[in-house]
Amino acid sequence: MSAHLSGTTLPRDDAASLPLLLAARRAASVLRPPVRLVLCQPAGTVLRTRLQRIGAGRLPLYATMDEARAAVDPTVG
């Protein structure tokens, strides 16, 4: 039996990483138990705009690392 994270945050800031982030989200969702993947991305960035355009539900977005960490682990903060 192997163990893995229950969730992780990804602090990325370049629009070129969009395919990587979506692939990571797909990979995380098929693990058992699934890994919750969230992204820290401040408002106004190109990447955040692109993610919102395709549907932020695919990868939950948070403006700060504190918000993202709290989403993955409610005991944080």
Side-chain angles (χ1 to χ4, degrees):
M1 184 167 150
S2 65
H4 61 268
L5 298 172
S6 62
T8 190
T9 57
L10 296 174
R12 296 292 307 203
D13 62 0
D14 57 280
S17 63
L18 181 60
L20 171 69
L21 295 173
L22 295 177
R25 191 232 171 254
R26 281 189 302 276
S29 70
V30 298
L31 293 172
R32 292 296 170 247
V35 172
R36 180 136 190 252
L37 192 66
V38 300
L39 179 67
C40 174
Q41 193 59 217
T45 62
V46 173
L47 179 56
R48 186 177 185 111
T49 301
R50 288 185 68 195
L51 284 166
Q52 289 174 323
R53 191 176 307 139
I54 65 166
R58 292 183 177 187
L59 188 60
L61 296 168
Y62 296 91
T64 68
M65 283 299 290
D66 288 340
E67 291 174 355
R69 285 184 185 112
V72 172
D73 183 359
T75 63
V76 172

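Here the structure is a predicted model, which is why all the values come from computation and not from measurement.
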Would you check if the side chain of Arg36 reaches a backbone N or O of Ala71 as a donor-acceptor pair within less than 3.5 Å?
yes
Within this structure, what is the CZ-OG1 distance for the pair Arg50 and Thr45, rounded to the nearest 0.5 Å?
11.0 Å
What are the two closest heavy atoms between Cys40 and Ala68, and how far apart are they?
CB-CB, 4.3 Å
Applying side-chain contact (heavy atoms from CB on, under 4.5 Å), can you list everything that pairs with Thr49, at least two apart in sequence or on another chain?
Arg53
Would a 4.5 Å heavy-atom cut-off, applied to side chains only, mark Tyr62 and Leu39 as touching?
no
Counting only N and O atoms by type, is there a donor-acceptor contact under 3.5 Å from the side chain of Arg48 to the main-chain atoms of Pro42?
no
CD/Gln52 to CD/Gln41 distance, rounded to the nearest 0.5 angstrom?
9.5 Å
How far apart are the C-alpha atoms of Val72 and Leu37, what are their side-chain angles, what is the distance that settles it, and do they pass the side-chain contact (heavy atoms from CB on, under 4.5 Å) test?
CA-CA 8 Å; Val72 172; Leu37 192 66; over 6 Å; no
